[in-house]
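Notes follow the structure.
Values below: all heavy atoms of this structure, side chains included; hydrogens, waters and symmetry mates excluded.
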Amino acid sequence: MATSGKLASFRLPPLPTVSELVKLYNLRAEKQLSQNFLLDLRLTDKIVRQAGNLKGTHVCEVGPGPGGLTRSILNAGAADLLVVEKDSRFIPGLKLLSEAAPRRLRIVHGDILTYRMDSAFPVKISRPWEEDPPKLNIIGNLPFSVSTPLIIKWLEQVANRSGPFSYGRTQLTLTFQKEVAERLTASTSSRQRSRLSIMSQYLCTVHSCFTIPGKAFVPKPEPQIQQPFKLVEKVVRNIFQFRRKHFYKGLEKLFPEACRVELTHEMIARADLDPTLRPTELKITQFRALCDAYAHLCSLDPSLVNYEHREELRQNKQGVICTRLFCL
């Protein structure tokens, strides 16, 4: 009980602010890693409060980065905080926090997608599945690039009661980009209802806590494809209609038959892609290149914006019927 009292009143000793650490170690958010920093400790405290009472608990933080959430978790009284960070640039700043909170902060330099969490905490904290959750929380400000594959991995582990869920019904408090969060919480008939909605809601109770404004992040998060949603959706929809074929097959359907071959070749050349790739093999950066190339072609010929292959087929079919009727 004495230990709990000490933890309850614990505050980190004076340290450089998170902003100062970012400058000290020249830490820049890497766009290709979808990194965005939360530097406002009032906001990170608010996120941590959503996890409930952390005094004396075990916590795993995913991708701590410069350590904003890390400080809030420690100040909330967590007895044992394990952070898993893939980017080596953040390790020195995290070690500084570890020295300020002796024996309470463990640092793993590794990838959370492959890290074995089932052996990271003492077995004694385990609880039967039917009982209250163990004193173990997973908390993280998830980068966009890892959020969906990671939540799918965790959902499979929930079903198998493996990984962090080998200890019981471990609770998760996570931040997601808005579109991912909306899919996780989407109700029946919602436009955001998806595979992710069903997979998460049949295994977990999912709550949306609050929205973090984009201006709170450094840098402000932006979509990885800087084109209008409708344009991106059109390109992606056409490519995936032939998901087992080379992606150019679907790309062709973006253009009228008269100029289809020419414009498809031009679009692939501008995007600098191998036309034999399949839709499932394309990375976000490659979709971005394709969308940018399509936007360029639309700027040269605005009629392409409203072109729909199925509409052309329907009109051609009507024309054939009219011709037959005329002939008869």
### Message
I'd like to know if the side chain of His309 and the backbone of Pro256 have a donor-acceptor N/O pair within less than 3.5 Å.
### Response
no

Contacts under 3.5 angstrom, residues 149-160 side chains, donor-acceptor by atom type, not counting sequence neighbours:
unit_1 : atom_1 : unit_2 : atom_2 : d
Lys153 : NZ     : Ile112 : O      : 3.3
Lys153 : NZ     : Leu113 : O      : 2.6
Asn160 : ND2    : Glu156 : O      : 3.3

### Query
Does Glu308 come within less than 4.0 Å of Arg237, counting only side-chain N to carboxylate O?
yes

### Message
Hydrophobic cluster membership, with links at side-chain heavy-atom distances under 4.5 Å among I/L/V/M/F/W/Y: are Phe242 and Leu277 in one?
### Response
no

#### Entry: Closest contact, heavy atoms only, Pro275 versus His246
O-CB, 3.3 Å

#### Entry: Stepwise side-chain contact (heavy atoms from CB on, under 4.5 Å) test for Gln177 and Ser147
CA-CA 9 Å; Gln177 277 207 331; Ser147 58; over 6 Å; no

### Task
Report yes if the side chains of Arg270 and His296 come closer than 4.5 Å at any heavy-atom pair, otherwise no.
yes

### Task
For the pair Tyr167 (side chain) and Asp118 (backbone), establish whether a donor and an acceptor sit closer than 3.5 Å, ignoring hydrogens and angles.
yes

### Message
Can you see whether Phe121 has Arg116 sitting over its ring - NZ or CZ less than 6.0 Å from the centre and within 45° of the normal?
### Response
no

### Query
Between Pro164 and Thr170, which heavy-atom pair has the shortest distance, and what is it?
O-OG1, 2.7 Å

### Task
State the NZ-CZ distance between Lys95 and Phe90, to the nearest 0.5 angstrom.
15.0 Å

### Message
Show the nearest heavy-atom pair for residues Leu297 and Leu304, with the distance to one decimal.
### Response
O-CD1, 3.7 Å

### Query
Which residue pairs satisfy the side-chain hydrogen bond (donor to acceptor under 3.5 Å, both in side chains) criterion with at least one member in residues 125-138, sequence neighbours excluded?
none

### Task
Among Asp274, Asn238, Thr276, Ile268, find the one that has a side-chain contact (heavy atoms from CB on, under 4.5 Å) with Phe247.
Ile268

### Task
Answer yes or no: is there a side-chain heavy-atom contact under 4.5 Å between Leu38 and Ile212?
yes

### Message
Are Phe240 and Phe255 linked, directly or through intermediate hydrophobic residues, by side-chain heavy-atom contacts shorter than 4.5 Å (ILVMFWY only)?
### Response
yes

### Query
Ser72 and Asp45: side-chain donor and acceptor closer than 3.5 Å?
yes

### Query
Thr57 and Leu136: side-chain contact (heavy atoms from CB on, under 4.5 Å), yes or no, with the steps?
CA-CA 6 Å; Thr57 65; Leu136 172 61; over 6 Å; no

## Note on the structure
For Arg243 and Pro279 the tightest heavy-atom approach is O-CD, 3.4 Å

### Message
Any non-hydrogen side-chain atom of Leu82 less than 4.5 Å from a side-chain atom of Glu61?
### Response
no

#### Entry: Heavy-atom side-chain contact between Met267 and Leu254 under 4.5 Å
yes

### Exercise: identify the closest heavy-atom pair between Val84 and Pro64
O-CD, 3.4 Å

### Message
Could you check whether Thr264 and Glu252, counting side-chain N and O atoms only, form a donor-acceptor pair closer than 3.5 Å?
### Response
no

### Query
Does any non-hydrogen side-chain atom of Thr211 lie less than 4.5 Å from one of Lys178?
no

### Query
Between CE of Met117 and OG of Ser162, what distance do you get to the nearest 0.5 Å?
11.0 Å

### Task
May I ask you to decide if Leu74's main-chain N or O and Arg104's side chain share a donor-acceptor pair within less than 3.5 Å?
yes

### Task
Using modelled atom types only, decide if a donor and an acceptor are shared between the side chain of Arg106 and the backbone of Ala120 within a distance under 3.5 Å.
yes

### Query
side-chain contact (heavy atoms from CB on, under 4.5 Å) between Thr175 and Leu69: does it pass, once the steps are laid out?
CA-CA 11 Å; Thr175 66; Leu69 266 176; 5.8 Å; no

For a quick test of your reading: what N or O donor-acceptor pairs under 3.5 Å do the side chains of residues 191-207 make, sequence neighbours left out?
unit_1 : atom_1 : unit_2 : atom_2 : d
Arg193 : NH1    : Ala186 : O      : 2.6
Arg193 : NH1    : Gln201 : OE1    : 3.0
Ser194 : OG     : Leu196 : N      : 3.3
Ser194 : OG     : Ser197 : OG     : 3.4
Ser197 : OG     : Arg183 : O      : 2.4
Ser197 : OG     : Ser194 : N      : 3.0
Ser200 : OG     : Leu184 : O      : 3.4
Ser200 : OG     : Leu196 : O      : 2.8
Ser200 : OG     : Ser197 : O      : 3.1
Gln201 : NE2    : Leu184 : O      : 3.0
Gln201 : NE2    : Ala186 : O      : 2.8

### Query
Does Leu94 offer a backbone N or O that forms a donor-acceptor pair with the side chain of Ser98 under 3.5 Å?
no

### Query
Short question: side chain of Lys253, backbone of Ile239 - any donor-acceptor pair under 3.5 Å?
no

### Message
Any non-hydrogen side-chain atom of Leu290 less than 4.5 Å from a side-chain atom of Gln286?
### Response
no

### Query
Given Thr173 and Gln50, is the side-chain hydrogen bond (donor to acceptor under 3.5 Å, both in side chains) satisfied, shown in steps?
CA-CA 7 Å; Thr173 305; Gln50 303 302 315; over 6 Å; no

### Query
In the single-linkage hydrophobic clustering (I, L, V, M, F, W, Y; side-chain heavy atoms under 4.5 Å), do Val235 and Val305 co-cluster?
no

### Message
I need the Lys230 NZ to Lys234 NZ distance, nearest 0.5 Å.
### Response
11.0 Å

### Message
Under 4.5 Å between side-chain heavy atoms, counting indirect links through other Ile/Leu/Val/Met/Phe/Trp/Tyr residues: same cluster for Phe210 and Val48 or not?
### Response
yes

### Task
Apply the test side-chain contact (heavy atoms from CB on, under 4.5 Å) to residues Thr44 and Ile73: give CA-CA distance (whole Å), side-chain angles for both, the deciding distance (0.1 Å), then the verdict.
CA-CA 9 Å; Thr44 55; Ile73 294 167; over 6 Å; no

### Query
Okay, side chain of Glu85, backbone of Asp87: is any donor-acceptor separation there less than 3.5 Å?
yes

### Query
How many angstroms lie between CZ in Arg288 and NZ in Lys283, if you round to the nearest 0.5 Å?
12.0 Å

#### Entry: Minimum side-chain heavy-atom gap Ile139-Leu54 below 4.5 Å
yes

### Query
Of the non-hydrogen atoms in Phe287 and Leu282, which two are nearest, and what is the gap between them?
CE1-CB, 3.5 Å

